[in-house]
Every structure is written in C-alpha cells, then in structure tokens.
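From a predicted model like this one, the values you see are computed outputs, not experimental measurements.
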Amino acid sequence: DAKTTQPPSMDCAEGRAANLPCNHSTISGNEYVYWYRQIHSQGPQYIIHGLKNNETNEMASLIITEDRKSSTLILPHATLRDTAVYYCIVRGLPNSGYALNFGKGTSLLVTP
Amino acid sequence: DAGVIQSPRHEVTEMGQEVTLRCKPISGHDYLFWYRQTMMRGLELLIYFNNNVPIDDSGMPEDRFSAKMPNASFSTLKIQPSEPRDSAVYFCASSLSGGFYGYTFGSGTRLTVV
C-alpha cells in the first residue's frame with residue numbers, strides 16, 4: 001500500500017470547517033483512500049473512503065485531487081467532540097492484505 | 001447492534017500470569033481482527049480471522065500469544081505467560097467482506113502487566 005504523509009497536528013475553532021490534508025503521491029490505480037479517527041481512549045472509527053471521486057457522508061467530505069496524489073478530509077462544522085487523531089490510509093483492494101497501516105495521523109484539536 | 005464488545009475494559013496482572021482478552025464481533029460480520037496499540041509502535045495488526053478461520057497471524061509477536069475463534073460470535077486473545085512489555089491497549093475489530101466499508105472497532109482492553 002502507498003505511504004501517506006499527514007501533518008502531526010492541527011487546530012480548528014469550534015463551528016469552523018476543519019480541513020485535514022494527506023499526501024499519497026505513490027498511490028496506484030486500484031488503491032482507495034480511507035480515513036479513520038481515534039478519539040482519546042476509544043477504538044478507531046471509520047469515517048469515509050474514496051477512489052477518485054469526491055465523497056460525502058453524514059460525518060465528513062473527502063476531496064481527492066484529480067491526479068489522486070493528495071486528498072483532504074473536511075469536517076464542515078467542527079465540534080469539540082471532533083478532537084481526535086485522524087488517520088489517512090491508502091489501501092489496495094482486493095489484493096492487498098487486511099492490515100490497516102495507521103501511521104501517526106494528525107492530532108486535531110478543536111477549541112471553543 | 002451494540003457494536004464490537006470487548007472485555008474486560010481494564011486488566012492488571014502480574015508478570016508470568018495468563019491473560020485472556022475477549023471479543024464479540026458484530027453479528028453477520030465475517031472478518032475479525034486483533035490489533036495492539038502502544039505509544040512506541042502505534043496500532044499493529046496481530047491476527048485476523050475469516051469465517052472463524054485464522055488467516056494471517058504474522059503479526060503475533062511470539063509464541064506466548066494465541067488467538068481462537070470457536071464460533072462466529074466470540075474470539076479470545078490469550079497471553080501466557082504475560083510480560084511487562086505486553087502492556088498495551090488491545091483492540092478487536094470486525095468487518096463485512098474484508099472491510100471495504102470500514103472496520104468497526106471495539107473500545108479496547110487496556111492491559112497492564114506489573
């Protein structure tokens with residue numbers, strides 16, 4: 001699976017949009033971009049995934065650049081409960097294994 | 001559904017003792033995963049099952065670790081004998097068809113070996 005690069009930490013004011021970037025310049029054609037988050041003392045939580053089109057669900061939006069070398073997770077109206085570590089994971093399906101390489105992620109702090 | 005259920009939430013044991021961690025996956029999920037999280041190494045996959053059969057245990061650190069899944073609704077991770085370096089948070093996760101739509105993780109078991 002392609003390697004990902006994320007900033008170690010970010011801040012966001014409550015109510016504002018949180019835009020979390022991820023670089024995956026070596027991504028290949030059959031690899032998906034997944035986002036998970038881990039709130040303190042909890043298990044990781046699946047947020048969203050995409051291949052090349054932008055995706056949106058009740059939690060977030062995922063914007064993938066046309067060349068697929070980077071993506072941005074958008075939390076449109078961040079709340080204090082969105083404070084967590086966010087992991088961007090590239091995963092090739094179905095031929096890659098099932099180990100999710102979580103890396104170090106981005107620690108997002110939402111402030112009042 | 002109550003989600004993935006792990007027990008106990010916290011376990012403190014003495015070095016050399018046997019420890020058993022338990023997991024109940026989401027009903028209908030056909031994949032079950034055991035992960036370990038430490039500050040130094042982050043989240044690591046230990047083993048996973050498909051339809052109750054162990055598929056890949058290459059992440060199990062050594063023979064002191066063993067995992068079973070006797071049926072679709074129950075799995076255990078056993079450490080015997082336990083050592084202080086086994087102290088970590090152990091997560092169980094389950095998914096449908098390999099996790100294309102994501103894995104669901106339990107709340108974890110925090111293990112402390114003294």
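For residues 105-114 of chain B, the interface with chain A (any heavy-atom pair closer than 4.5 Å) comprises B:F105, B:G106, B:S107, sorted by residue number. Within residues 48-77 of chain A, the residues approaching chain B closer than 4.5 Å by heavy atoms are, in numerical order, A:H49.
Residue B:Y48 is not grouped with residue B:L96 when hydrophobic side chains (ILVMFWY) are merged at heavy-atom distances under 4.5 angstrom, including chains of intermediate members. Hydrophobic clustering of Ile, Leu, Val, Met, Phe, Trp and Tyr side chains at less than 4.5 Å, counting indirect connections, keeps B:Y31 apart from B:I47. Linking Ile, Leu, Val, Met, Phe, Trp and Tyr whenever their side-chain heavy atoms come within less than 4.5 Å leaves B:F91 and B:L77 in two separate clusters. Cluster annotation: A:I89 and B:L46 are assigned to distinct hydrophobic clusters (Ile/Leu/Val/Met/Phe/Trp/Tyr, side-chain heavy-atom contacts under 4.5 Å, transitive). A continuous path of hydrophobic side-chain contacts links B:L32 to B:F65 [ILVMFWY only; heavy atoms under 4.5 Å].
Contact annotation for B:Q6: neither backbone nor side-chain heavy atoms come within less than 4.5 Å of a heavy atom of chain A. Interface remark: A:I47 contributes no atoms to any contact with chain B (heavy atom separation under 4.5 Å). With a 4.5 angstrom heavy-atom cutoff, B:R41 does not touch chain A via any of its atoms.
With a 6.0 Å radius and a threshold of 12 heavy atoms from other residues, nucleotides or ligands, B:E14 has its CD atom at or below the threshold. Counting heavy-atom neighbours within 6.0 Å of B:Y101 OH, excluding the residue itself, gives a total of 12 or less.
When atom types are taken as modelled, the side chain of A:Y46 and the backbone of B:G99 share no donor-acceptor pair closer than 3.5 angstrom.
Residue A:R91 comes nearest to B:F100 through the heavy atom pair NH1-N, 4.4 Å, listed as atom of the first residue, atom of the second, then distance.
Ranked by heavy-atom pairs under 4.5 Å with chain A, the list B:L43, B:I55, B:T104, B:V89 is led by B:L43.
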Problem set entry | Verdict with reasoning, B:Y35 to A:L100, per side chain to side chain contact (heavy atoms under 4.5 Å, CB included) | CA-CA 10 Å; B:Y35 276 80; A:L100 295 178; 3.5 Å; yes

